[in-house]
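Have a look at the structure below before the remarks.
Residue numbers run from 1 in the order of the sequence given. One-based numbering, in listed order, for ligands and for the atoms of each.
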Amino acid sequence: MISPKINIRSTLESISAEVLNGHNYIRSDYARGILNYPAMMVPSVQEPIIEKISKTFPTEVSLMDPFMGASNTLVTAMKFGMNIFGQDINPLSLLISQVKTSYYTLQELIEAQKVLKERIERDRKTKIEVKFPNIDKWFTRPVQLHLSQIFRAIKQEPELKIRKLLWVSLGETIRLSSNDRTSTFKLHARKQSEVQKRNISAKEIFFSTLEKSIKDINNFCKILEEKKHIENNKYKYSAEVKWGNSLAEIKTKKKFQIMVTSPPYGDNHTTVTYGQFSYLPLQWIPKEDIDDSINLDYLRTTQEIDRKSLGGRKSPDFENAQNYLFQTCPTINKLFVSYNSKEKIKAEKIINFFYDLDKTIDNIIERIVPGGYMVWTIANRNVNYKEVKNTEILTELLASKNVCLVTNLERDILSKRMPNRNNFSDLMRKEKILIFQNRE
Ligand SMILES: C[S@@+](CC[C@H](N)C(=O)[O-])C[C@H]1O[C@@H](n2cnc3c(N)ncnc32)[C@H](O)[C@@H]1O
């Protein structure tokens, strides 16, 4: 039942531009920095929206994110004592989310850190623990040696929950110590001359990353304690994160009052290559310590995760997909009319992406209670130098399913690290937060 007293539209529209633009945001808030996953949402922006919407429900609130990424939305909801559920197709996202939605005591973390450091310092072995094609292109020999020492030490940690946190720190260390450039999400090796000039110690990077992660996680756990959401060393409400392809299914039978997400803005290849970004860390993190049941051979190639993500492959019924989208979304139709025949072929990816998104929306709607809310953060982008109005297309897709737009809020995109820019595709510097309500 929804409280009739609150005019949700005007309440949401009263959120100041400063808050929406993230001016009060602190980088380390909500353990956001434990691994710099691409395109993370800003908790301080989501916070007032989640809080205001949840107040319209008199009962306990459950929130889901079907594209959870680094689970910044989920942890924001945990602060308000909600039941949370999230899933993502990227195993690295799952690992980060498992850590961020767990409760750790400072004592257990400090003890584990001490033992681990001693193990690493004692290790004199020279065996390289991981083998994969082109390892020498991506890691110098000294870095491989250090990463192998850290790998062996983490493997000896008896507690899985602690190992997961240590693997996340190793993942961030890999991001910072590999020969991959950190300026883009695509795998792109630094020049040899640059690699030779770099003077880095993967061990030192790991120790400082772990130190900072422990501090950030502890700060977030303290917030949960202060809010009285912790009982017997556990989050009192339900917190579930899973590996899952939201296009195929949402892996829960539960229902939710609120869905808050930021979906991909197009196929990963031409927007954000979450999969390529995760390829090197995932080589060093044992699958059985993330979730042994993941049935995606994600290390087969550097492209595997991106290909399986929304819009990653050509639709098997492309003609049908195209006709359906032209009929349902006047905005897509108009865009394609404006392309010449060569551009149309290049823009087929737009059809593949939105057809996948449309089917995913059907799966999501099934899990939302009547009258429940959906909050989508999304930006427009350019394809073939023409604007793909993602926000309007999403609104048209949802309207065709009886889900109405309540309001939309605009914000500046903070991140300076933009995805690859090329002739084909480019992202905008503004994004919209679209708030919809499911039919009653
Ligand atoms: C913008 S990020 C999500 C950000 C996240 N909501 C947050 O709070 O930081 C988009 C995510 O969608 C995921 N994704 C892409 N295709 C997917 C699919 N078919 N099923 C599940 N997740 C998918 C990507 O792996 C990526 O982590």
Side-chain angles (χ1 to χ4, degrees), residues 22 25 29-47 49-50 63-79 84-97 100-101 185 241-252 258-279 281-282 294-296 298 303-313 315 352-364 367 374-379 381 390 413-415 417-419 427 431 433:
Y25 130 90
D29 263 3
Y30 297 85
R32 196 169 175 270
I34 63 169
L35 199 155
N36 269 288
Y37 193 77
M40 287 197 280
M41 283 167 99
V42 182
S44 65
V45 175
Q46 303 301 319
E47 210 179 294
I49 299 172
I50 292 176
L63 176 146
M64 98 160 152
D65 184 348
F67 304 105
M68 70 184 162
S71 68
N72 292 299
T73 301
L74 298 180
V75 292
T76 309
M78 285 173 81
K79 184 174 164 185
I84 53 136
F85 172 84
Q87 66 177 46
D88 200 288
I89 198 160
N90 186 341
L92 188 62
S93 147
L94 175 62
L95 179 71
I96 303 168
S97 303
K100 282 167 64 168
T101 58
F185 301 123
V241 287
K242 291 200 172 159
W243 176 83
N245 181 354
S246 301
L247 168 64
E249 59 171 334
I250 304 292
K251 285 181 154 175
T252 179
I258 314 177
M259 185 230 61
V260 180
T261 200
S262 166
Y265 294 176
D267 65 285
N268 288 9
H269 194 70
T270 57
T271 56
V272 178
T273 50
Y274 298 95
Q276 280 194 49
F277 168 86
S278 311
Y279 177 78
L282 286 173
I294 296 173
N295 64 7
L296 169 67
Y298 55 85
Q303 318 276 323
E304 218 52 27
I305 297 173
D306 294 323
R307 233 186 262 133
K308 292 284 161 31
S309 299
L310 286 199
R313 313 139 318 287
S315 253
N352 299 329
F353 172 74
F354 279 110
Y355 198 53
D356 280 358
L357 182 64
D358 182 75
K359 287 195 250 167
T360 308
I361 291 173
D362 289 335
N363 294 339
I364 295 171
R367 308 262 50 91
M374 288 188 215
V375 180
W376 295 80
T377 300
I378 191 162
R381 65 180 186 129
N390 280 340
I413 299 175
L414 276 180
S415 167
R417 197 165 55 128
M418 296 297 278
L427 276 183
E431 65 188 3
I433 304 173

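- Residues that satisfy the side chain to side chain donor-acceptor pair (under 3.5 Å) test with S309, not counting sequence neighbours, are N268.
- Y37 and Y274 have their aromatic ring centers within a separation under 6.0 angstrom.
- Protein neighbours of ligand 1 below 4.0 Å, counting non-hydrogen atoms: Y37, A39, M40, M41, D65, P66, F67, M68, G69, N72, T73, D88, I89, N90, G244, N245, S246, S262, P264, Y274, S309, L310.
- Listed by chain and number, the residues in a side chain to side chain donor-acceptor pair (under 3.5 Å) with T252 amount to none (sequence neighbours excluded).
- Residues L94 and M68 have side chains in contact (heavy-atom distance under 4.5 Å, counting atoms from C-beta outward).
- Residue pairs that meet the salt bridge (Lys or Arg N to Asp or Glu O under 4.0 Å) test with at least one member in residues 241-250, sequence neighbours left out, are E240-K242.
- A donor-acceptor pair is defined here as one N or O able to donate and one able to accept, closer than 3.5 Å; such a pair exists between the side chain of D356 and the backbone of G311.
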